[in-house]
Amino acid sequence: AMAVALTLVSGAAGASALWDPHLRGVESGLAAGALPPEGVYFALNNYFATFKQYDGSGNKTGLALDAIVEVPILLWNTGLTVFGAQYGVAVAQPFDYTEISVANAPTLTDTGHWGNFNTYLVPVILSWALPHDLHVKASFGVWLDDASSAPGRNPSRGGVGSGNGFTTFEPGLGISWLHDGWNLSAQLYYDTSTKNDRTDYQSGDQIAIDYTATKTIGSWTVGLGAFQLNQLEKDTASGRKVLNSVSQSYGLGPIVGYDFGRFNVQATYNHYLMTNSDVGDNVLNVRLVVPVYQP
C-alpha cells in the first residue's frame with residue numbers, strides 16, 4: 001500500500017499538443033483505490049520511452065522520440081478523516097530529457113535536452129475502505145503552467161519543449177480489490193486543459209486509465225499492467241478543429257516488484273498494442289517508494 005497514489009506525471013503526444021498530462025501506464029502496479037498508512041512518503045518514477053509517431057490511421061510518420069522522465073513525488077496521508085475517508089495531499093515536480101529524430105530529414109534532428117515539466121499539485125485525495133476488501137479513491141490535481149520550455153517558448157537550442165504551455169485540471173477516480181495478496185485495480189483520470197495563449201492552441205479533453213492485476217507472495221509481486229488513453233474531442237488551433245488530432249493508445253505488459261522492507265521497488269514494462277494520432281511503442285517504468293515519516 002505504500003506505493004499508492006504516487007504516480008503523477010506526463011506523457012509524450014503529438015508535436016502540436018506536445019505532451020499528454022498523464023504518462024500512460026505509470027500507475028500500473030499500484031493499489032489505485034487506497035492510500036498508504038498515515039505518514040509522509042517519497043516516490044521516484046524513472047520512466048524510459050522509445051517512441052515512434054503514428055498518424056490517424058495508425059501508420060508510422062518517420063518521427064522518433066526517445067525520452068527519460070524523472071518524477072520525484074511527496075505524498076502525505078494526514079491521518080485526518082473527511083466524509084469518512086482518509087485525507088491526503090501530494091506534489092510532484094517532474095523533469096525530462098527528450099531527443100527527436102526524423103527519418104530522411106537530418107536537419108530536423110533534435111540533439112536532446114533536459115527541462116522541467118509542469119508542476120503537479122494534488123490538494124485533495126480521499127480514500128474510502130469499503131466492505132469486501134474494496135477501496136475507492138477520489139482525487140483532484142492541477143498541472144501548473146510553469147514548464148521551463150513549452151510550445152511558444154521553445155528551448156534556446158531548438159527541439160521540443162519540456163512541458164506544456166497551459167494549465168490542466170485533472171479529477172481522478174481509483175478502485176481496488178485488495179485480498180490475500182491480490183491487487184485488482186483501475187485508475188481513471190479526466191484531463192481538461194486551458195488554451196495555450198502563446199500559440200492559440202487547445203488540446204481536447206482526454207480520459208486515461210491504468211489497470212493492475214498482481215499477486216504478492218512474500219516480498220515479491222508479479223502480474224500484468226495495462227493502459228488506455230482516449231481523447232474525447234479534437235484539438236483546436238485558432239478556434240478551428242485540427243484534423244487527425246484525436247489521440248488513442250492501448251498497451252499491455254508485465255509487472256515485477258520486490259519489497260526490501262525499508263523501501264519498495266517495482267518495474268513495469270508496457271508495449272503499445274495500438275496507437276493513433278500519438279506516439280508509442282515501448283516504455284519501462286522503475287518506481288522507488290520510501291517512507292519518510294510514519295507516526
> Got more than 12 heavy atoms from elsewhere within 6.0 Å of CH2, W177?
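Yes, CH2 of W177 has more than 12 neighbouring heavy atoms, counting only those of other groups under 6.0 Å.
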
> Heavy atoms only: give me the nearest I125-A90 pair and the separation to one decimal.
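Closest approach of I125 to A90, heavy atoms only: CD1-CB, 4.1 Å.
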
> Please tell me if the side chains of Y54 and S249 come closer than 4.5 Å, counting only heavy atoms from C-beta onward.
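Not in contact.
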
> Do the two ring centres, one from F117 and one from W143, sit under 6.0 Å apart?
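Ring centroids of F117 and W143 are less than 6.0 Å from each other.
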
> Side-chain donor-acceptor pair under 3.5 Å between Y272 and N282, yes or no?
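Checked: Y272/N282 side chains show no N/O donor-acceptor pair below 3.5 Å.
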
> Do N45 and E70 get their side chains close enough for a donor-acceptor pair, meaning under 3.5 Å?
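No, no side-chain donor-acceptor contact under 3.5 Å.
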
> Can you confirm whether the side chains of S127 and Q86 place a donor and an acceptor under 3.5 Å from each other?
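Checked: S127/Q86 side chains show no N/O donor-acceptor pair below 3.5 Å.
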
> Got I68 and Y47 here, is their nearest side-chain heavy-atom distance under 4.5 Å?
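Of all side-chain heavy-atom pairs linking Y47 with I68, none is under 4.5 Å.
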
> Indicate whether the side chain of Y250 and that of N230 have a donor and an acceptor atom separated by less than 3.5 Å.
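Judged by distance alone, the side chains do pair up.
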
> What about the rings of F42 and F263, do their centers lie closer together than 6.0 Å?
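Not under 6.0 Å, so no.
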
> Does D145 pair with R153 as a salt bridge, N-O distance under 4.0 Å?
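Yes, this pair counts.
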
> What's the shortest heavy-atom distance between S28 and N270, and which atoms?
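Smallest heavy-atom distance, with atoms named: OG-ND2, 4.4 Å.
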
> Before accepting this row, confirm whether a basic side-chain N of the pair K195/D235 lies closer than 4.0 Å to the acidic partner's carboxylate O.
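Salt bridge absent between K195 and D235.
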
> Which atom pair, heavy atoms only, marks the closest approach of A43 to V289?
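Reported closest heavy-atom pair: CB-CG2, 4.2 Å.
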
